[in-house]
Amino acid sequence: DGGITQSPKYLFRKEGQNVTLSCEQNLNHDAMYWYRQDPGQGLRLIYYSQIVNDFQKGDIAEGYSVSREKKESFPLTVTSAQKNPTAFYLCASSTRPTGTGNSPLHFGNGTRLTVT
Amino acid sequence: AQSVTQPDIHITVSEGASLELRCNYSYGATPYLFWYVQSPGQGLQLLLKYFSGDTLVQGIKGFEAEFKRSQSSFNLRKPSVHWSDAAEYFCAVASPGSARQLTFGSGTQLTVLP
């Protein structure tokens with residue numbers, strides 16, 4: 001079955017360490033996205049990529065970095081510069097950017113990152 | 001800039017009762033509108049979407065939503081709630097023609113009483 005795989009489901013890190021969250025999709029989708037979810041705040045866009053080797057900052061990109069070397073993969077690195085990294089991180093993909101047509105988001109099951 | 005407001009943080013209904021979750025958006029034209037549902041510790045699942053045409057859209061799991069341009073609303077409804085509907089519900093808006101992704105509301109947590 002096609003879908004989006006995020007790993008690991010739970011991740012624990014010490015403050016000051018960089019950590020990379022994995023996101024892989026086998027849906028053959030062009031566009032991929034990273035969201036951060038905090039209680040009571042909905043989802044906030046961190047980065048998005050419309051095509052391989054290209055990505056754009058979202059609303060809260062500071063302290064995060066991404067790469068898009070393969071169509072299937074869009075890893076997110078949470079750097080030590082992120083002031084409050086503990087959160088639930090969701091990866092998503094769509095056939096095309098949603099604003100351009102009938103292309104809703106498909107979500108992975110998320111990674112819960114805890115930094116102490 | 002577009003924005004989405006879900007005025008109800010938490011709603012409690014009895015099983016079998018009807019449900020309406022409110023969503024208001026701010027956008028200059030007609031946006032693309034979506035409702036997603038999230039079970040605890042999981043990703044989001046698309047319930048339904050509105051792009052154009054008929055303002056009453058049907059979704060999965062017996063949900064429907066009505067787009068009302070005059071009220072800038074896209075409320076989600078279900079005539080009879082099941083215990084399995086307990087989850088968090090998110091309304092979202094996308095700008096037609098924009099490469100940016102969705103703007104989400106802050107969510108409504110639904111509790112279903114037996």
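Below, chains carry the letters A, B, ... as their sequence lines are ordered, and counting in each starts from 1. Please read these numbers as outputs of a predicted model, since none were measured by experiment.
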| request: Counting only heavy atoms closer than 4.5 Å, note whether Gln56(A) contacts chain B via side chain, backbone, both or neither. | output: neither
| said: Can you tell me which portion of Leu90(A) sits under 4.5 Å from chain B's heavy atoms? Options are side chain, backbone, both or neither. | reply: side chain
| Is any side-chain N of the basic residue among Arg22(B) and Asp8(B) closer than 4.0 Å to the acidic one's carboxylate O? | yes
| message | Heavy-atom pairs under 4.5 Å with chain A: which of Gly105(B), Gly107(B), Gly41(B) has the most? | response | Gly41(B)
| message | With no hydrogens and no angle check, just 3.5 Å: does a side-chain donor-acceptor pair link Glu24(A) and Ser73(A)? | response | yes
| request: Cation-pi check, Lys78(B) to Phe63(B): give yes when NZ or CZ is under 6.0 Å from the six-membered ring centre and within 45° of the ring axis, no otherwise. | output: yes
| Which one of Tyr35(A), Trp34(A), Tyr64(A) satisfies the side chain to side chain donor-acceptor pair (under 3.5 Å) criterion with Tyr89(A)? | Tyr64(A)
| message | Using heavy-atom distances under 4.5 Å, tell me whether Gln45(B) contacts chain A through its side chain, its backbone, both, or neither. | response | neither
| Under 4.5 Å from a heavy atom of chain A, the part of Ile9(B) involved | neither
| note | side chain to side chain contact (heavy atoms under 4.5 Å, CB included) with Val78(A): of Leu11(A), Asn18(A), Val19(A), only one passes, and it is Val19(A)
